[in-house]
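For reference, the structure is listed below as structure tokens.
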Amino acid sequence: KLSDEKDSPECTVCLDMLYVSDEDSEPGRRLNANIISDLFKSYGEVMPLACERFIKNFHEDYILDLGPLYNADRKNPEHRAWYDYHYIVTTNVDQGSGPFINYTINLNCYEGSAIETNQHIIKNFDKNTGYELTADSIFVSGYKSQLSKMLLKALLQKNDLENIQELRALGYLNGMEMYVPENFMLGPDNITFIFNPSEIAPMEKGATELIFTYRELKPLLKSSFKYQ
């Protein structure tokens, strides 16, 4: 809380983190360390301690940054909602039947504005090694140009449109060109590329998903990448 008042603005942080509990497993340690470093910018800690440290630092920063502003603004009760924050993280894991582990991080943030933001971060791991499978690790060098063209074509087909001008008339890709998103999910038969709300389309359109089979992507996939 920002003060001792009964109706004081407050900051709520909730972290529901799934992780590999077997710290004797090298793949498990790699997976945990990857998530901890990316989400919490922390290194060399186990998940429970990393979560505790993140929550403590978040609350301290909240009080330090907003406390003085709220104290100067107490005479305006209509502004109270400006100082309510929350940061909620939930996670899901899908191990499926293939060689991948899909780890999804769901972020729900509210920072005293009229808009509550939701973001999904997808991470794919090799079951056997615990290493993350990124786009750069599974696609051949120079893949971005061709894959961006394929994504644009898929987005046009998804909306039953013929050109990028028609897409932009609907709010897609305003002021930008199509690109390969960091978010994608490796499935048993296909790859789903995921754009979060407002990344390539207006917030109200939600997330955008574009799906390709491995067969469609074969010319761009490294021969060393095994999906079965």
Side-chain angles (χ1 to χ4, degrees), residues 13-58 87-109 118-144 147 150-151 179-196 199 207-228:
V13 182
C14 179
L15 306 177
D16 183 5
M17 302 297 300
L18 295 172
Y19 63 99
V20 180
S21 58
D22 183 6
E23 284 293 329
D24 291 329
S25 160
E26 186 65 27
R29 284 199 299 271
R30 287 197 188 107
L31 188 151
N32 288 345
N34 179 289
I35 296 166
I36 291 169
S37 64
D38 275 12
L39 189 59
F40 303 134
K41 309 304 178 188
S42 179
Y43 306 91
E45 290 186 312
V46 295
M47 185 67 76
L49 291 179
C51 289
E52 288 178 15
R53 184 184 299 276
F54 180 85
I55 292 172
K56 178 177 180 291
N57 290 341
F58 198 101
Y87 186 91
I88 299 172
V89 178
T90 59
T91 53
N92 306 96
V93 176
D94 182 3
Q95 299 194 46
S97 58
F100 316 121
I101 295 174
N102 305 128
Y103 192 99
T104 302
I105 301 169
N106 308 295
L107 301 177
N108 177 267
C109 304
N118 290 281
Q119 182 182 13
H120 306 288
I121 301 171
I122 313 297
K123 300 175 78 64
N124 303 278
F125 296 93
D126 184 301
K127 275 185 182 178
N128 295 319
T129 66
Y131 284 117
E132 183 178 7
L133 297 166
T134 64
D136 287 345
S137 71
I138 69 172
F139 290 112
V140 298
S141 177
Y143 70 92
K144 289 184 179 179
L147 185 50
M150 294 174 67
L151 288 164
Y179 62 92
V180 180
E182 292 185 7
N183 266 353
F184 64 91
M185 183 172 290
L186 298 172
D189 304 306
N190 53 50
I191 300 179
T192 302
F193 294 91
I194 303 168
F195 296 89
N196 275 303
E199 286 188 338
T208 301
E209 297 187 1
L210 301 173
I211 303 173
F212 296 89
T213 65
Y214 288 116
R215 183 175 181 179
E216 292 173 307
L217 294 169
K218 187 174 181 179
L220 296 179
L221 292 169
K222 290 181 178 178
S223 59
S224 59
F225 172 64
K226 306 301 181 184
Y227 52 87
Q228 292 179 336

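Since this is a predicted model, take the numbers as computed values, not measurements.
Shown here is K222, whose NZ atom has more than 12 heavy atoms of other residues, nucleotides or ligands within 6.0 Å. Within a 6.0 Å radius of NZ in K127, other residues, nucleotides and ligands contribute more than 12 heavy atoms. By the neighbour-count criterion of 12 heavy atoms within 6.0 Å, atom CD of E199 is densely surrounded, having more than that number from other residues, nucleotides or ligands.
Taking 4.5 Å as the limit, every side-chain heavy atom of N92 sits out of range of all side-chain heavy atoms of N102. At a threshold of 4.5 Å between non-hydrogen side-chain atoms, the residues F139 and I191 count as touching. For the pair L107/Y87, a side-chain contact is recorded, criterion being any heavy-atom separation below 4.5 Å from C-beta on. Two residues are said to be in side-chain contact when any heavy atoms from C-beta on lie closer than 4.5 Å; F125 and L133 fail this criterion. Looking at P99 and K226, their side chains never come closer than 4.5 Å, going by heavy atoms from C-beta outward.
Within the structure, the side chain to side chain donor-acceptor pair (under 3.5 Å) test picks out the following pairs touching residues 41-52 (sequence neighbours left out): S42-E45, E45-R53.
Taken from CZ in F184 to OG1 in T134, the straight-line distance is 6.5 Å, to the nearest 0.5 Å. Atoms CG and CD1, from L39 and I35 in turn, are 8.5 Å apart once rounded to the nearest 0.5 Å. Taking CE of M185 as the reference point, atom CD1 of I211 lies at 10.5 Å (rounded to 0.5 Å). Summarising the geometry, atom CD1 belonging to I138 is positioned 5.0 Å from atom CG belonging to L186; distances are rounded to the nearest 0.5 Å. The OG1 atom of T104 sits 6.5 Å away from the CG atom of N106 when rounded to the nearest 0.5 Å. Put simply, CD1 on I121 and CD1 on I105 are 5.0 Å apart, with the number rounded to the nearest 0.5 Å.
With 3.5 Å as the limit, one finds no donor-acceptor pair spanning the side chains of T90 and D16. Between the side chains of D136 and Y143, at least one donor N or O lies within less than 3.5 Å of an accepting N or O.
In this structure Y131 satisfies the side chain to side chain contact (heavy atoms under 4.5 Å, CB included) test together with R30, T129, sequence neighbours excluded. With sequence neighbours excluded, the residues that form a side chain to side chain contact (heavy atoms under 4.5 Å, CB included) with D38 are N34, K123, E132.
Minimum heavy-atom separation, L210 to L151: CD1-O, 3.5 Å. F193 approaches P181 most closely through the heavy-atom pair CB-CG, 3.9 Å. When all heavy atoms of N128 and P27 are compared, the closest pair comes out as O-CG, 3.3 Å.
Ring orientation note: the planes of F100 and F225 are close to parallel, at an angle under 30° on the 30°/60° scale. Between F54 and F40, the ring planes lie tilted relative to each other; the angle falls in the 30° to 60° range.
A donor-acceptor pair under 3.5 Å is formed between the side chain of N196 and the backbone N or O of H120. Although no hydrogens or angles enter the test, the distance criterion places a donor-acceptor pair under 3.5 Å between the side chain of T91 and the main chain of L18.
No close placement of the Y19 and Y103 rings is indicated, their centers lying 6.0 Å or farther apart.
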Review point. Between N190 and L217, does a side-chain contact (heavy atoms from CB on, under 4.5 Å) hold up when you go through it step by step?
Key: CA-CA 9 Å; N190 53 50; L217 294 169; over 6 Å; no
Check your understanding: Between V46 and N32, is a side-chain contact (heavy atoms from CB on, under 4.5 Å) present by the stated rule, with each step listed?
Key -> CA-CA 8 Å; V46 295; N32 288 345; over 6 Å; no
